[in-house]
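Notes to accompany the following structure.
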Amino acid sequence: MGSADVYPRDALRLIGTWLTVLSPKWLIAILVTTILVLGEWQYQILGGYERLAVTLSVCVATEYLLSIFIRGRPASLQSAYISGVSLALLTKPQSNILWPFAIGAFVAISSKYVLRFRGRHLWNPTNFAISALVLLAPAQVAVLSHQWGNDPATNAVIWVVGLLVVTRARVLHVTFSYLGAFLALAWIRSLIVGTPFLAEIAPVTGPMYQLFIFFMVTDPRTTVATRRGRILVAVLVAVVEFGIRLAGNYHIDVLTPLYYSPPILALAMVGPTAMWWDLRRRPAR
């Protein structure tokens with residue numbers, strides 16, 4: 001047996017051991033960092049490193065100070081890092097302003113300490129902050145919608161890392177449930193509206209959806225306890241998103257605030273409601 005047979009096997013064993021040792025939160029940090037590095041390298045999606053610096057510094061400072069004040073001990077800063085990078089990527093002000101990054105970072109981290117029920121926070125911090133920004137300041141803030149284009153290498157790296165993360169965190173069924181429902185409903189929407197099916201599913205190749213399906217909708221801290229419940233919630237998020245998009249196609253004015261980011265706002269409505277109901281059903285600790 002030659003060395004060519006041994007080295008790949010040893011490399012795979014090393015990677016498997018590495019993935020087993022790392023916690024899901026570390027893997028999520030690796031995922032968002034991968035999206036950041038590849039997105040900025042290939043498409044300059046960040047829009048300036050000062051945005052990342054502001055968001056990360058406010059996230060870390062808020063996490064540290066609130067954990068000391070409320071819990072009496074410093075918390076791990078991994079969550080603050082993940083929220084900071086995600087917010088820096090997703091928040092796109094309409095002009096060259098930095099306040100949305102600072103406000104969004106503070107809102108994201110503080111929501112974990114304020115919006116709680118029975119010891120758990122109900123919203124994914126990044127999801128809550130982005131939703132609040134686009135609803136309260138739609139003229140100044142938008143959500144990243146840049147797609148990766150036709151670069152298969154970039155897509156492959158993001159999807160491989162993302163699938164490893166959700167597999168290690170044991171929430172792969174959530175990602176697949178949402179994706180399956182999204183694809184089926186996109187096909188239905190294409191039939192109703194008359195748009196090409198590929199145009200309806202094109203956003204999945206973008207960094208916003210990749211963060212959404214691998215990080216937000218699967219967040220273990222803000223998902224219900226049972227596997228069946230998580231699958232149901234993922235499908236309901238896709239259904240609500242479908243309704244928002246379809247309403248936008250027919251220009252229903254009363255729902256205009258929801259058109260700014262259908263998936264993120266759909267999760268902001270469905271996820272916390274399901275989490276509250278699930279916690280309410282369990283015996284209080």
Side-chain angles (χ1 to χ4, degrees), residues 86-87 89-95 100 103-104 107-108 111 115 121-147 174-175 177-213 215-219 222-224 229-278:
S86 302
L87 282 167
L89 284 171
L90 294 174
T91 307
K92 297 300 163 190
Q94 297 297 328
S95 57
I103 296 297
V107 168
S111 70
L115 302 175
H121 56 276
L122 299 176
W123 275 268
N124 171 275
T126 304
N127 177 255
F128 180 80
I130 292 290
S131 300
L133 286 173
V134 298
L135 288 176
L136 297 176
Q140 289 80 34
V141 180
V143 178
L144 175 68
S145 59
H146 197 294
Q147 295 173 24
V174 180
T175 294
S177 298
Y178 171 81
L179 272 178
F182 175 87
L183 294 174
L185 293 168
W187 177 70
I188 293 173
R189 193 168 60 249
S190 71
L191 295 178
I192 296 173
V193 181
T195 54
F197 175 64
L198 290 179
E200 293 288 344
I201 66 172
V204 175
T205 65
M208 188 280 287
Y209 263 94
Q210 289 164 348
L211 282 170
F212 182 79
I213 63 178
F215 163 51
M216 287 189 193
V217 78
T218 60
D219 180 13
T222 55
T223 51
V224 299
R230 290 190 291 268
I231 291 173
L232 176 60
V233 170
V235 172
L236 286 176
V237 170
V239 169
V240 173
E241 178 189 355
F242 165 81
I244 295 172
R245 289 189 182 278
L246 197 60
N249 291 130
Y250 290 97
H251 309 291
I252 300 177
D253 293 338
V254 70
L255 298 178
T256 297
L258 301 180
Y259 302 156
Y260 297 115
S261 184
I264 287 179
L265 292 169
L267 177 61
M269 291 185 286
V270 175
T273 305
M275 187 70 178
W276 173 83
W277 180 257
D278 186 55

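Only a predicted model underlies this, so the values are computations on that prediction, with no experimental measurement involved.
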#### Entry: Minimum heavy-atom distance between T222 and M275, given as atom pair plus value
C-SD, 3.8 Å

### Summary
Between the CD1 atom in I264 and the CD1 atom in I130, the distance rounded to the nearest 0.5 Å is 5.5 Å

### Message
Could you report the tightest heavy-atom contact between V134 and Y260, atom names first, then the distance?
### Response
O-CD1, 3.8 Å

### Query
Shortest non-hydrogen contact from V224 to R230?
O-NH1, 3.2 Å

#### Entry: Stepwise side-chain contact (heavy atoms from CB on, under 4.5 Å) check, L246 with V193
CA-CA 8 Å; L246 197 60; V193 181; 3.9 Å; yes

### Of all pairs that satisfy salt bridge (Lys or Arg N to Asp or Glu O under 4.0 Å), the ones with a partner from residues 187-201, not counting sequence neighbours
R189-E200

### Query
Given V237 and M216, is the side-chain contact (heavy atoms from CB on, under 4.5 Å) satisfied, shown in steps?
CA-CA 11 Å; V237 170; M216 287 189 193; over 6 Å; no

### Task
Check whether any side-chain N or O of T223 sits under 3.5 Å from a backbone N or O of T218 as a donor-acceptor pair, and report yes or no.
no

### Query
Are the side chains of M269 and S131 in touch, meaning some heavy atoms are under 4.5 Å apart?
no

#### Entry: Rounded distance [0.5 Å steps], CH2 in W187 versus CG in L183
12.5 Å

### Query
How far does CG of L122 sit from CG of N127, to the nearest 0.5 angstrom?
12.0 Å

### Task
Would you give the length of the straight line joining atom OG of S177 to atom CD1 of I213, rounded to the nearest 0.5 angstrom?
12.0 Å

### Message
Working to the nearest 0.5 angstrom, can you tell me the gap between W123 CH2 and D219 CG?
### Response
14.0 Å

### Query
Side-chain contact, heavy-atom cut-off 4.5 Å: V233 with W277?
no

#### Entry: Shortest non-hydrogen separation from G104 to A129 and the atoms involved
O-CB, 3.3 Å

### Query
Does Y259 reach the main-chain N or O of H251 with its side chain, forming a donor-acceptor pair under 3.5 Å?
no

### Message
To check you understand the geometry: which heavy-atom pair defines the closest contact between A108 and L87, and what is its length?
### Response
CB-CD1, 3.8 Å

#### Entry: Value rounded to 0.5 Å, distance of OH in Y178 from CD in E241
3.5 Å

### Message
So which atom in I244 and which in L258 form the shortest heavy-atom distance, rounded to 0.1 Å?
### Response
CG2-O, 3.4 Å

### Message
Just so I know, are the side chains of V204 and L179 near enough to count as touching, which here means a heavy-atom distance under 4.5 Å?
### Response
yes

